[in-house]
Q: 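Here it is, the structure, as structure tokens.
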2 protein chains.
Amino acid sequence: MQTKALNKQKEPLELFREKCRERGISITPQRVAIYSVLIGNQAHPSAETIYNRVKITFPDISIDTIYRTLSTFSNMGLVDEVEGYGEVKRYDPELKQHHHFRCKKCNKIVDFHEKSFDNLKIPKAIKEKFSVSNIKVVAEGLCDECL
Amino acid sequence: MQTKALNKQKEPLELFREKCRERGISITPQRVAIYSVLIGNQAHPSAETIYNRVKITFPDISIDTIYRTLSTFSNMGLVDEVEGYGEVKRYDPELKQHHHFRCKKCNKIVDFHEKSFDNLKIPKAIKEKFSVSNIKVVAEGLCDECL
DNA sequence: TGAACAAATCAGAATAATTCTTATATAATA
DNA sequence: TATTATATAAGAATTATTCTGATTTGTTCA
Ligand SMILES: [Mn+2]
Ligand SMILES: [Mn+2]
Ligand SMILES: [Zn+2]
Ligand SMILES: [Zn+2]
């Protein structure tokens, strides 16, 4: 169990390094620190939130590096940007297909998985005209805390 | 046919006036002008876009009024804010349940209707904890022009 | 191991979208 | 028509994000 817990941290970081090498992208301490904060983070954090977390172990990091790095990660397919309503950008390290509940009041976003949503049939009219690469369901309402 | 075309403009505006009266919200020329631009607009326009259109007939309107009014309309349930990725806010006057295709490159948003998406079953775990008021499907990819 | 060089970072300035402030104007009401 | 609460315009302020330019660092390969 303990071994497993340790591996959990080791494994994704090694995969991260590999992906960087593949793409010819430098493995910098900043990038490792940012990626480490993202691993397993289910809160869909903003750049600011990530910045504050990273600063604990990396006090001199600049907010610009956070933004640039998240953009790089997004281009590499290491994180997704999350749908929102014109508030701040938020990022999602969960790459497996999944769906979101969003609280209209506090903007909390909660993941959920639902197999029956993973193969929804988009209407022909759309499919014929555009190339659809991913489909997701967004449920909205009020969360437990806001109710 | 001509009569119908004329009525198309008249009807929603009268409904608009009624809704304002119900809510005790003043019917100002600015609000009418902004609402008129929204009627039947399927492009999910931004505040800036709406501003430019309204200015044609209302040159002295201020951008702040556009934002304030759209926020008022949103609170009244006259428009929805559209999901996006941290770009500018966009608004949707279509209130019937529908779904979106979004181009990842040019951010074009296209409505589609699909009955089978209108009663998706959200997992118990979510439904039990939160109150879900609406569910939508977002398909993403590249539009015809960007392909 | 240690140049060489492209890439990445930092700090702070710049930009852009949105909101706020305040003085003035106006819609609703009686 | 006078009263009053609400809405507006203009421009300042704020905030998130991006850009710029000087400096540092990771990677490569001799
Ligand atoms: Mn997620
Ligand atoms: Mn729409
Ligand atoms: Zn909430
Ligand atoms: Zn496009």
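So that the names make sense, note that chain A is the first sequence line, chain B the second, and so on, each numbered from 1. All of these numbers come straight from a predicted model, not from anything done at the bench.
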Q: Tell me whether the OP1 or OP2 atom of C/dT9 has a side-chain N or O from A/Thr28 closer than 4.0 Å.
A: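 Indeed, a polar side-chain atom of A/Thr28 lies that close.
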Q: May I ask you to say what A/Arg68 touches in the nucleic acid, namely base, sugar-phosphate or nothing, with a heavy-atom cut-off under 4.0 Å?
A: base
Q: For A/Ser26 and for B/Arg21, locate the closest nucleotide of DNA chain C by heavy-atom distance; then report the residue assigned to the nucleotide nearer the 5' terminus.
A: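 The residue whose closest nucleotide sits nearer the 5' end is A/Ser26.
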Q: Give a yes/no on whether any side-chain N or O of A/Ser62 is located under 4.0 angstrom from OP1 or OP2 of C/dC10.
A: yes
Q: Mind calculating the distance between CG (B/Asp60) and P (C/dT26) to the nearest angstrom?
A: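 B/Asp60 atom CG is separated from C/dT26 atom P by 11 Å.
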Q: Take atom CZ of B/Arg17 and atom P of C/dA28, then tell me their distance rounded to the nearest Å.
A: 9 Å
Q: I'd like to know if the side chain of B/Ser131 and the backbone of A/Cys143 have a donor-acceptor N/O pair within less than 3.5 Å.
A: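 Pair absent, no side-chain N/O of B/Ser131 close to backbone of A/Cys143.
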Q: Under 6.0 Å from the CZ atom of A/Arg53, do we count more than 12 heavy atoms belonging to anything else shown?
A: no
Q: Given C/dC10, D/dT17, C/dA28, which nucleotide is nearest the side-chain atoms of A/Val88?
A: D/dT17
Q: Given the structure, check if the side chain of B/Asp64 and the base of C/dC20 hold any donor-acceptor pair shorter than 3.5 Å.
A: yes
Q: Tell me the interatomic distance from A/Glu87, atom CD, to C/dA17, atom P, rounded to whole angstroms.
A: 17 Å
Q: Check whether any side-chain N or O of B/Lys89 sits under 4.0 Å from OP1 or OP2 of D/dA16, and answer yes or no.
A: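 No.
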Q: Let me know the distance between CD of A/Glu81 and P of D/dA16, rounded to the nearest Å.
A: 16 Å
Q: Please state how far atom CD1 in B/Ile61 lies from atom P in C/dA25, giving the value in whole angstrom units.
A: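 Taking CD1 of B/Ile61 and P of C/dA25, I get 17 Å after rounding.
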Q: How would you label the contact of A/Ile63 with the nucleic acid (heavy atoms, under 4.0 Å): base, sugar-phosphate, or nothing?
A: nothing
Q: Expressed in angstrom and rounded to an integer, what is the separation of A/Ile66 atom CD1 from D/dT17 atom C1'?
A: 13 Å
Q: Return the value, rounded to whole Å, for the distance between atom CZ of A/Phe58 and atom P of C/dT9.
A: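 Interatomic distance, CZ of A/Phe58 to P of C/dT9: 9 Å.
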Q: Between B/Arg90 and B/Ala43 (side chain of the first, backbone of the second, donor and acceptor by atom type, cut-off under 3.5 Å), is there such a pair?
A: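 Yes: the side chain of B/Arg90 pairs with the backbone of B/Ala43.
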Q: Taking the six-membered ring for Trp, are A/Phe73 and A/Phe16 closer than 6.0 Å centroid to centroid?
A: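 So the answer is yes for these two rings.
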Q: Which nucleotide in the set D/dA7, D/dT27, D/dT8 lies at the smallest distance from any side-chain heavy atom of A/Ile27?
A: D/dT27
Q: Would one find a side-chain N or O of B/Tyr67 under 4.0 angstrom from OP1 or OP2 of C/dT19?
A: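 Checking B/Tyr67 against C/dT19: no side-chain N or O falls below 4.0 Å of OP1 or OP2.
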Q: Is the phosphate of C/dC10 approached by A/Gln30 (side-chain N or O, under 4.0 Å from OP1 or OP2)?
A: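 Answer yes for this pair, as a side-chain N or O of A/Gln30 is under 4.0 Å from OP1 or OP2.
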Q: Using a cut-off of less than 4.0 Å, is there contact between a side-chain N or O of A/Lys55 and OP1 or OP2 of C/dC10?
A: no
Q: Send over the distance from A/Asn75 CG to C/dA8 P, rounded to a whole Å.
A: 12 Å
Q: Check whether any side-chain heavy atom of A/Lys89 lies under 4.5 Å from a side-chain heavy atom of B/Tyr85, and answer yes or no.
A: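 Sidechains of B/Tyr85 and A/Lys89: no contact.
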